[in-house]
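Note sheet for the following structure.
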Amino acid sequence: MSQKNSSPYPVTPIAYYKRFIRNVNLHNQGQDKSYLLYAALELRYTIEALLFYYLHALSEGDLSKSKQKLYRPQDLRQAILAADPLFLVKLEFADMCAYFDDSISSQLRPDIALLTSIHGRLGDWLHAEYSPLCSRVPEEKWVELSKLFESLGDHLSVILSHPLLDVNLTDKGNLVMQQYIEGTLTKAEVIDRLNKEWNLLVDGVTQHIITDE
């Protein structure tokens with residue numbers, strides 16, 4: 001997704017995340033609770049844009065009109081798995097490969113379950129039937145919102161500052177991963193195989209850079 005966006009309101013994952021941080025900082029400076037509402041919206045948009053980015057990368061840009069309209073994390077997750085049924089397993093496999101390759105161990109794999117969960121909880125918070133006057137929202141609810149920010153903020157910060165990695169496996173490596181999926185190899189056994197046969201199983205790493213354009 002390297003195409004430049006000339007809009008005064010960029011809609012890349014990083015742009016959304018920067019606006020989320022800016023709104024949190026504006027709240028901290030003046031304690032205006034309305035900024036937390038804007039921050040919650042920007043954080044939800046960050047999650048949606050990030051998952052859409054993964055879908056776009058896995059689909060190599062070839063997205064149908066119906067897929068281009070997706071935004072709910074559960075729908076994007078399903079589309080991601082339709083584009084690459086092994087996506088989540090590859091993330092697990094990348095964690096195992098991280099023991100043996102510094103270029104992988106230095107990166108943080110996205111926690112799809114966490115992203116989806118926080119997106120839903122933010123939606124529950126924003127759609128609750130509170131008074132439109134921020135001062136009437138119970139203080140504990142604002143604390144709850146702040147905790148949601150904290151539970152995802154650091155994770156997103158690291159993900160957005162590093163590329164998405166795709167571990168390229170050889171035919172033999174794909175066989176080992178398939179055996180792991182089927183349960184005929186345990187995680188410990190896979191790690192042992194990687195330790196002994198790394199160059200026979202892994203054929204490098206592809207980076208998908210998340211840009212701010």
Residue pair Leu126, Arg44: steps toward the side-chain contact (heavy atoms from CB on, under 4.5 Å) verdict: CA-CA 10 Å; Leu126 288 167; Arg44 270 173 62 93; 3.7 Å; yes
Arg77 CZ: over 12 foreign heavy atoms closer than 6.0 Å: no
Enclosure of Tyr38 OH (heavy-atom neighbours >12, cutoff 6.0 Å):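 Open: at most 12 neighbouring heavy atoms sit under 6.0 Å from OH of Tyr38.
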For the residue pair [X] and [Y], what are the closest heavy atoms and their distance?
| X | Y | value |
| --- | --- | --- |
| Lys172 | Leu200 | CB-O, 3.8 Å |
| Arg193 | Val176 | NH2-CG2, 3.4 Å |
| Val11 | Ala49 | O-CB, 4.2 Å |
| Arg19 | Pro10 | NH2-O, 2.7 Å |

Exam field: side chain Thr46 to backbone Glu42, donor-acceptor pair closer than 3.5 Å: yes
Parallel, tilted or perpendicular, as decided by the 30° and 60° cut-offs, for the rings of Tyr16 and Tyr45: tilted
Worked verdict on Ile14 versus Tyr17 for side-chain contact (heavy atoms from CB on, under 4.5 Å): CA-CA 5 Å; Ile14 294 176; Tyr17 184 73; 5.6 Å; no
Interatomic distance, Lys18 atom NZ to Leu160 atom CG [nearest 0.5 angstrom]: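 It is 10.0 Å, given to the nearest 0.5 Å.
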Donor-acceptor side-chain pairing of Gln78 and Gln74 below 3.5 angstrom: no
Derivation of the side-chain contact (heavy atoms from CB on, under 4.5 Å) call for Leu145 and Leu122: CA-CA 8 Å; Leu145 183 60; Leu122 287 170; 3.7 Å; yes
Verdict with supporting geometry, Glu144 and Lys141, salt bridge (charged side-chain N to carboxylate O under 4.0 Å, His left out): CA-CA 5 Å; Glu144 175 186 308; Lys141 290 296 182 181; 3.7 Å; yes
CA sep, side-chain torsions, deciding dist, call: Ile112, Leu51, side-chain contact (heavy atoms from CB on, under 4.5 Å): CA-CA 8 Å; Ile112 303 299; Leu51 292 177; 3.8 Å; yes
Side-chain touch Leu36/Phe149, heavy atoms, less than 4.5 angstrom: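 Yes, their side chains come closer than 4.5 Å.
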